[in-house]
Number of protein chains: 2
Amino acid sequence: MDHPDCPDQRHQNCRVMNEVLTRVGDRWSVQIVYALSRGTMRFNELKRELGISQRMLSESLRDLERDGLIARRHFATIPPRVEYELTDLGRTFQEPVMALAKWALDHQTCIEANRRSFAEAETGHGAEALAGEQASPNRA
Amino acid sequence: MDHPDCPDQRHQNCRVMNEVLTRVGDRWSVQIVYALSRGTMRFNELKRELGISQRMLSESLRDLERDGLIARRHFATIPPRVEYELTDLGRTFQEPVMALAKWALDHQTCIEANRRSFAEAETGHGAEALAGEQASPNRA
DNA sequence: TATACCGGTATGAAATTGACACCAGGTTGC
DNA sequence: GCAACCTGGTGTCAATTTCATACCGGTATA
């Protein structure tokens, strides 16, 4: 991940993107922000909705808080209550995340179809140019 | 995709997002699409620019091809030449990816500042509450 | 001869992740 | 009384993912 000096601006962008996306661009962070975009949520509420392990959730939440995308509010009641919500910065991230989510939902079936035809082309017959040609774009 | 009244639908959305983002939403796929958005690229060209390991690159490229986001063209020359480019579907993905990239570049310094003040609040101690409050969001 | 290029694959080590148990400390069920 | 639960975590260990590295074929270059 470290590179020899590459004056190329493109490469710089890639490096920065890599750093930032490594922290806030993984699938759990994206989904946490997506879930919190509807409002405050509690720990186990998020856990149930995302189907994430406890460990990854608490870790991801801590990282997101550290980066200033979400705020954590702790109520010392019994049983304890901890609420998470987006900060202003988090809400700016919400925009590209929603775009990503929309794309994912919109193209899910298309992608699944592509995977199936790719698998068929592999198992079925030999080198029929099917894979490249038929995994063709966007027949949503 | 907006069904606030139906938690099951929300959960369903999360599940679908998880599935799709697990495949095409990881940091390498995002960066590959970002890199290819400027045009065709060769294998080692991508490798150099992204700083990705060979194994991950070939794997990511294969997955992206399988899902129909990129096309692979192989020239049986010596030395071999393999070119990758976005398909039409890939170009639709390019949109949210560019939004993500733009956000990452725009808010990089903000995030780094937040992390620093969070670390300070931890070590220097004092007002933990400040960490959340002072990680002041988005003066973009 | 030795070296490098190019696009991979194979291998073992390191890092990440998930499943699960554990904690406090009060509430509910029996 | 007492076990079992609830909450928001942490710790442990195994499985998965990722990385660094070595290697390959076939040619050009030094």
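The chains referred to below are lettered A, B, ... by the order of the sequence lines, with proteins before strands, and numbering in each begins at 1. The model shown is predicted, which means the values in this text are computed figures rather than measured ones.
Side-chain atoms of A:Thr22 and A:Asp26 form no donor-acceptor pair, as typed in the model, at a separation below 3.5 Å. Side chains of B:Gln94 and B:Arg91: a donor-acceptor N/O pair is absent below 3.5 angstrom, by distance only. Side-chain N/O atoms of B:Arg66 and A:Asn114 include no donor and acceptor closer than 3.5 Å.
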Intermediate values then yes/no, salt bridge (Lys or Arg N to Asp or Glu O under 4.0 Å), B:Arg55 and B:Glu59: CA-CA 6 Å; B:Arg55 197 184 187 297; B:Glu59 206 170 295; 2.7 Å; yes

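For B:Ile52 and C:dG7, the CD1 to P distance is 14 Å, given to the nearest whole Å. Across the protein-nucleic acid pair, B:Ile78 atom CD1 and D:dG26 atom P stand 7 Å apart, rounded to whole Å. To the nearest angstrom, P of D:dT17 lies 18 Å from CG of B:Leu57. The CG-P distance, from B:Asn44 to C:dA4, rounds to 15 Å in whole Å. To the nearest angstrom, P of C:dG7 lies 15 Å from CD of B:Glu65. C:dT16 atom P lies 17 Å from atom CH2 of A:Trp28, rounded to whole Å. Distance A:Leu50 CG to C:dG18 C1': 15 Å, rounded to the nearest Å. Rounded to whole angstrom, the span from the NE2 atom of B:His74 across to the P atom of C:dC6 amounts to 14 Å.
Closest approach to the A:Met56 side chain among C:dG7, C:dT17, C:dG25 is made by C:dT17 (side chain taken as heavy atoms from C-beta onward). Closest to the side chain of B:Arg48, out of D:dG26, C:dC6, D:dC6, is C:dC6. Listed nucleotides D:dT7, D:dG8, C:dC5 differ in distance to A:Arg72; the shortest reach to its side chain belongs to D:dG8. Of the candidate nucleotides C:dG18, D:dG8, D:dC6, C:dG18 has the atom nearest to the side chain of A:Arg27. Counting only heavy atoms from C-beta on, A:Ser53 has its side chain closest to C:dG18 among C:dG7, D:dG8, C:dG18.
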Check nucleotides 9-11 of chain C against the protein and report each pair of N or O atoms closer than 3.5 Å, with its distance, or say if there are none.
{"unit_1": "C:dT9", "atom_1": "OP2", "unit_2": "B:Arg62", "atom_2": "NH2", "d": "3.1"}
{"unit_1": "C:dT11", "atom_1": "O4", "unit_2": "B:Arg55", "atom_2": "NE", "d": "3.3"}

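Heavy atoms of A:Tyr84 sit under 4.0 angstrom from primed sugar atoms or phosphate atoms, though from no base atom.
With respect to the salt-bridge test (charged N to carboxylate O, under 4.0 angstrom), the residues B:Glu49 and B:Lys47 do not qualify.
At least one donor-acceptor pair closer than 3.5 Å links the side chain of B:Ser60 to the backbone N or O of B:Met56. Listed for the B:Thr87 side chain is a donor-acceptor partner under 3.5 Å among the backbone atoms of B:Leu69.
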